[in-house]
Amino acid sequence: EAALRLTPENVPAWTGLGLLALKDGDFAQAADRFTQATAIQPSALGYVLLARALEKGGHPAEAHAADQAARQISPDLTDVRQAADNLLAE
């Protein structure tokens, strides 16, 4: 979080904090971090991660909306979902 105080537009830092929160089961914080990342730099991966956090947090409608946003950027999400799986497995 110190990196974000210096450079609040740091998408990798927001994404990393989101991944940590998601792995820790803090789905609300994960969704907040991924929302910050996608607000700065929209990406299919960011929206897929956001969708996973929202789904796990019990927000299926919002998860569907995030998934649709990912599809607008990348219609075939196969590789993007694999990348998300790889990040979550680390």
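If you're wondering where the values come from, they're calculated on a predicted model, not measured in any experiment. What you see below is based on every heavy atom in this structure, not just the backbone, and it leaves out hydrogens, waters and symmetry mates.
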Which is it for R52 and D67 under the side-chain contact (heavy atoms from CB on, under 4.5 Å) test, yes or no, and what are the steps along the way?
-> CA-CA 9 Å; R52 292 212 180 156; D67 193 64; over 6 Å; no

Checking side-chain contact (heavy atoms from CB on, under 4.5 Å) for the pair F27/L22: CA distance, chi angles, key distance, verdict?
-> CA-CA 5 Å; F27 307 124; L22 191 56; 3.6 Å; yes

Could you go step by step and tell me if L19 and F34 meet the side-chain contact (heavy atoms from CB on, under 4.5 Å) rule?
-> CA-CA 8 Å; L19 288 167; F34 295 136; 4.2 Å; yes

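When every heavy atom of G46 is checked against every heavy atom of S43, the shortest pair comes out as N-OG, 2.9 Å. Pairing each heavy atom of A66 with each of L54, the nearest pair is CB-CD1, 4.3 Å. Taking every heavy atom of both residues into account, A70 and A44 meet most closely at CB-O, 3.7 Å. Here the shortest heavy-atom pairing between A84 and L49 reads CB-CD2, 3.8 Å. Scanning both residues, A53 and A30, for their nearest heavy atoms gives CB-CB, 3.9 Å.
Counted within 6.0 Å of CG on D79, heavy atoms from surrounding residues, nucleotides or ligands total 12 or fewer; the atom is thus considered open. Residue-environment remark: NZ (K56) stays at or below the threshold of 12 foreign heavy atoms within 6.0 Å.
A heavy-atom distance below 4.5 Å is not found between the side chains of E55 and H59. Proximity of T15 to L45: side-chain heavy atoms (C-beta onward) are nowhere separated by under 4.5 Å.
To the nearest 0.5 Å, atom CD of residue Q41 and atom CD of residue Q36 are 14.0 Å apart. Taking CG from L77 and CZ from R71, the interatomic distance works out to 5.0 Å, rounded to the nearest 0.5 Å. The distance from atom CG of L50 to atom OG1 of T35, rounded to the nearest 0.5 Å, is 4.5 Å.
D24 places no side-chain N or O within donor-acceptor distance of the main-chain N or O of D26, the cut-off being under 3.5 Å.
In summary, the side chains of E90 and N86 do not present any donor paired with an acceptor at a separation below 3.5 Å, with no hydrogens or angles considered.
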